[in-house]
**Q** 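Supplied in structure tokens, the structure appears directly below.
Remember, predicted model here, so these are calculated numbers, not experimental data.
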Amino acid sequence: MAHLQLTALAGGAGDEMEEVALLGSYDVEAGPAGAEWEAGMRRVQVRVAGMTCSACTGAVEAALSACRGVRRASVSLLQNRAHVVYDPALAKDEDIVEAIEDAGFEAEILPDSTVSQPKSQKTLSGQFRIGGMTCAACVNSVEGILKKLPGVKRAVVALATSLGEVEYDPSAISKDEIVQAIEDAGFDAALLQSSEQDKVLLSVTGLHTEGDVDVLHDILKKIEGLRQFGVNFGNSEVEIVFDPEVVGLRQIVDTIEMESNDRLKAHVQNPYLRAASNDAQEASKTLHLLRSSLLLSIPVFFIRMVCPHIPLISSFLIMHLGPFCIGDLLKWILVSMIQFAVGKRFYVAAYRALRHGSTNMDVLVVIGTTASYVYSVCALLYGAFTGFHPPIYFETSAMIITFVLFGKYLEVLAKGKTSDAIKKLVELAPATALLLLKDKEGKYSGEKEIDASLVQPGDALKVLPGSKVPADGVVIWGTSHINESMVTGESVPISKEVSSPVIGGTMNLHGVLHIQATKVGSGTVLSQIISLVETAQMSKAPIQKFADYVASIFVPIVITLSLLTFLAWFLCGWLGAYPNSWSAESSNCFVFSLMFSISVVVIACPCALGLATPTAVMVATGVGANHGVLVKGGDALERAQNVKYVVFDKTGTLTQGKATVTTAKIFSGMDLGDFLTLVASAEASSEHPLAKAILDYAFHFHFFGKLPSAKDSIKKRREEILSQWQLEVIDFSALPGKGIQCWINGKKILVGNRALITENGINIPDEAEHFLVDMELSAKTGILVAYDGGFIGLIGITDPLKREAAVVVQGLKKMGVHPVMVTGDNWRTAQAVAKEVGIEDVRAEIMPAGKADVIRSLQKDGSVVAMVGDGINDSPALAAADVGMAIGAGTDIAIEAADYVLVRNNLEDVITAIDLSRKTFSRIRWNYFFAMAYNVVAIPVAAGALFPFTGLQMPPWLAGACMAFSSVSVVCSSLLLRRYRKPRLTTLLQITVE
């Protein structure tokens, strides 16, 4: 019955019955939930656009059911979604989308389709360097090829970084097969790094002869736990696959050094430095080609433009060698070298693109230069054998190739600067670490300098003054101050002592510290920041879809325009529509028309469009990281520019999250000390911040002045006292949004808000009610306590506001953003806090799950809503918001749900995040304007639109120069974002500081 759709009978009452059971088929699942997963089925949700009635849903369901491999499909009209279960061995996501589109509707696989889907196989994520891409068309070509490979789950390619990120099933396809597929498509490829933890690339110094390689082979064969290895003698590298449970990486490196008597030394290769080296090689290769082209082009230019005015040289050049002039022969030889030796890269890239049915800038360059070269050769041969010498344009193809290479070189340099943020973050990690060695008795017996990448969890490390912390960990000895600004953006040095956490990559300023490593490698804060920035730079902003579409049709359109230009000028000349004097300089209307046609092909530039968005997003994410604002992707950047509402959680976001008890009042005959002991014992099992505040207050009330002075001794003594001092608690239970209840001494105790007390039928005395109201009006939270069925007292708790809260709220209002506060606290306290910070829109007494409902209510009119939170209970709201911001590093779960991670616990970064987004997309719009305006203006000018009025004709070599500089100008425009400065609140609020 779930799949039954009721529709009106022919000639019936119309659409009245159509709404019945529209959600039924979507909500009711057939069969046991786990059976599909056991059978290896895949479930996806698809957004379907264009459905208007139940007949549409029927058409979509029929199309899906007919698709091979689909086991079940249900469609919801009201939600515009299709729920599909299919066998991944028989069908792919693309087949599902294609089936719906063939039925006449638009379809899109929703990105969260696989969140709850268990993975049957381990999935790896590999980062590949892809060389040879020049424009968005190349990106589309590589992505299309990768997505068609069996076992590839996801593929994203970034033009600006020349990187591709591929998520794949290693049991279905290997990284070598992925590399081969990219190379078959006509591009260079190499794996930079993988999420596979037991495979490492080592660079080995000392590999000079085949004998050294044999020694290394023998050493590696003897290491237990080493599954396989491959030595690359040419690059002095060895790739090893090992079982980390059996042998550690440091042990492998040490074994190589010891067994070779220090002749061979192994170092872990940093994938980022390797990528930087590849970038440098690409720039060096382009520079070499540019120098060669320039060296050969200058003589051609002189022979054409300068030498005819020097009598001695001119007379030599016009001498004949057989039927050819010496000058023409020299130009032919020089330009042939440029065209086919230096320009070989353009021919190879164009051939590979055309072979796979795509087009790019290389195709345009090849068409333009080849046309000019072939015409010139034909004209030269024609003149040699007929005696009639038409003009030749060898210098045109030479100059075009030279200018294009010059533009490419500048582009490579400029694109390199867009990734400076990643390079700076990578450079923060120290190269070496001082490992503290232990003897058999566990005492420190010495120290050893090791590669920082070989640090393992649990290692004791020594950090000297002025050196960097090699890994995340905790201080086990010593005191010092550490500058964490390079990671958090916080400029004030942080005091560190025993048990203090430290972050890898930060600078130790004064004292010597001994730390114990807790997180190393990809688990460190610095590595996670680098990963976040990289992921953001890999992502595509939705605005880029327009550029990708234009790029896919750009080259065919330009070639068509070029042919039309040629035909128009040639036919007009042939029919005598313009004076013969116009084409006199070119000798005939064919050559005259050909030059216009070549100029159109050469001047058009698809690269500028393709670079407009990714370069700006890359620079912006790097700038954000420098300011402690981590952006997870271009789509988050795009949404944040249009934020209308910013929803703040109260506790820990607007407030400092350091709750303290200010008042404890008893309304029974109980002693204050006994009252505090009772409440503290009840709250000891709770993890709520207010519970901790009550416990601290009660502890200090009883034991203040009775504790040792040393901090570590206080902590140890406190743990001893707490275990003896607290009363025994049974049947403890936390009631979300209300408080806690438990049993002490056989009597029930309730600690929580007004709702918890009244729900249990306990009367609150008028005196206590008045006292509670006064506290709430002064922005304090009242905690009520009932024991054995009677009200016994209350505790007042305050959580001070962050010093910048009120100013940030005012700043957001100045930016046209409406602040909203949401809290589980009572209305009086919430309104008192809101009044203090200047927020008018308050949502109080909201349960944790209700915060997401508040977000959705604000989104109903299409407004973009941002949520700022810090805790686990904020995660649903962060996920529901259009832009989620986790502040103060928050919790792991909050960070996972958020689109922005604000590393510092400072609300000013909310303004920075929104402002950076607006500045970035303003720059992207300018980039698109430059790119579009360039092509819209340049192509008609190159086609000769101004020639009838001005007599000015753009030579093809000048068109090539314009094309080369257009993409460079867009990249340089994006680089202006590096000058971004976070907004000063005093400027934003127009406050004059005396």
Side-chain angles (χ1 to χ4, degrees), residues 484-485 487-492 494 501 503 525 528-529 532-533 536 621 624-633 636-637 639-640 643 645-659 689 799-812 815 817 819-825 833-834 837 839 843 846 848 851-852 854-855 864-917 982-983 985:
E484 297 183 348
S485 62
V487 175
T488 65
E490 191 65 61
S491 57
V492 179
I494 310 297
I503 302 172
V525 170
Q528 289 174 0
I529 290 174
L532 273 175
V533 175
T621 50
N626 290 338
H627 287 91
V629 176
L630 304 180
V631 192
K632 285 196 176 177
L637 262 176
R639 290 194 300 269
V643 164
Y645 295 98
V646 172
V647 180
F648 291 99
D649 177 47
K650 179 177 79 75
T651 306
T653 303
L654 286 173
T655 65
Q656 295 178 14
K658 299 175 182 175
D799 187 359
L801 285 170
K802 291 178 178 173
R803 58 180 179 79
E804 74 277 6
V807 183
V808 168
V809 167
Q810 288 300 109
L812 287 170
M815 296 171 72
V817 179
V820 180
M821 188 181 83
V822 60
T823 178
D825 217 334
V833 171
V837 296
I839 295 178
R843 313 293 171 95
I846 302 293
K851 292 180 182 179
V854 171
I855 300 290
V864 178
V865 180
M867 169 72 190
V868 186
D870 71 329
I872 294 174
N873 62 356
D874 297 327
S875 298
L878 288 169
D882 298 290
V883 181
M885 298 184 185
I887 192 168
T891 63
D892 290 343
I893 298 174
I895 289 172
E896 192 66 32
D899 301 298
Y900 280 76
V901 178
L902 311 181
V903 180
R904 300 187 305 161
N905 196 6
N906 193 317
L907 289 171
E908 292 178 29
D909 290 340
V910 175
I911 288 180
T912 303
I914 297 173
D915 183 66
L916 177 62
S917 171
K982 61 193 299 184
L985 290 176

**Q** With a 4.5 Å limit on heavy-atom distance, are the side chains of Val817 and Tyr645 in contact?
**A** no
**Q** Check Ala640 against Tyr900 and note the closest heavy-atom contact, atom names and distance.
**A** CB-OH, 3.3 Å
**Q** Would you mind checking if Asp915 and Lys982 are paired as a salt bridge, meaning a charged N to carboxylate O distance below 4.0 Å?
**A**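 No, no charged N to carboxylate O under 4.0 Å.
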**Q** To the nearest 0.5 angstrom, please state how far the NZ atom of Lys650 sits from the CE atom of Met821.
**A** 6.5 Å
**Q** Return the CD1 to CD distance between Ile503 and Glu484, rounded to the nearest 0.5 Å.
**A**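 Reported to 0.5 Å precision, the distance equals 4.0 Å.
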**Q** To the nearest 0.5 Å, what is the distance between OG1 on Thr621 and CG on Leu916?
**A**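 Rounded to the nearest 0.5 Å, the OG1-CG separation comes out at 9.0 Å.
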**Q** Can you tell me how far the CD atom of Gln810 sits from the CD1 atom of Ile839, to the nearest 0.5 Å?
**A** 10.0 Å
**Q** Can you tell me how far NZ of Lys632 sits from CG of Leu630, rounded to the nearest 0.5 angstrom?
**A** 9.5 Å
**Q** I want to check something: taking the side chain as every heavy atom from C-beta on, are Val808 and Ile911 in contact at a cut-off of under 4.5 Å?
**A** yes
**Q** Quick one: are Val833 and Thr823 in side-chain contact, heavy atoms under 4.5 Å?
**A**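 The answer is no, as the side chains (C-beta and beyond) never meet within the 4.5 Å cut-off.
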**Q** If I compare all heavy atoms of Ala636 with all of Val883, which pair ends up nearest, and what's the gap?
**A** O-CG2, 4.5 Å
**Q** Check whether any side-chain heavy atom of Asp649 sits under 4.5 Å from a side-chain heavy atom of Val868, and report yes or no.
**A** no
**Q** Check whether any side-chain heavy atom of Met885 sits under 4.5 Å from a side-chain heavy atom of Ile914, and report yes or no.
**A** yes
**Q** If you look at every heavy atom in Thr653 and Gly869, which pair is closest and at what distance?
**A**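 Smallest interatomic distance, heavy atoms only, reads OG1-CA, 3.7 Å.
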**Q** Between Leu907 and Leu654, is there a side-chain heavy-atom distance shorter than 4.5 Å?
**A** yes
**Q** Donor-acceptor pair, distance only, cut-off 3.5 Å: does the side chain of Glu804 make one with the backbone of Glu908?
**A**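 It does not hold such a pair.
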**Q** Are Phe648 and Leu812 close enough that some pair of their side-chain heavy atoms sits under 4.5 Å apart?
**A**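 They are in side-chain contact.
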**Q** Where is the tightest heavy-atom contact between Ile855 and Ala877, given as atom of each residue plus distance?
**A** CG1-O, 4.1 Å
**Q** Compare every heavy atom of Asp799 with every heavy atom of Ala659, then report the nearest pair and how far apart it is.
**A**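 Of all heavy-atom pairs spanning Ala659 and Asp799, the closest is N-OD1, 4.1 Å.
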**Q** If you compare all heavy atoms of Arg843 against all heavy atoms of Val820, which two are closest, and at what distance to 0.1 Å?
**A** CG-CG1, 4.2 Å
**Q** Any side-chain heavy-atom pair from Asp899 and Val631 closer than 4.5 angstrom?
**A** no
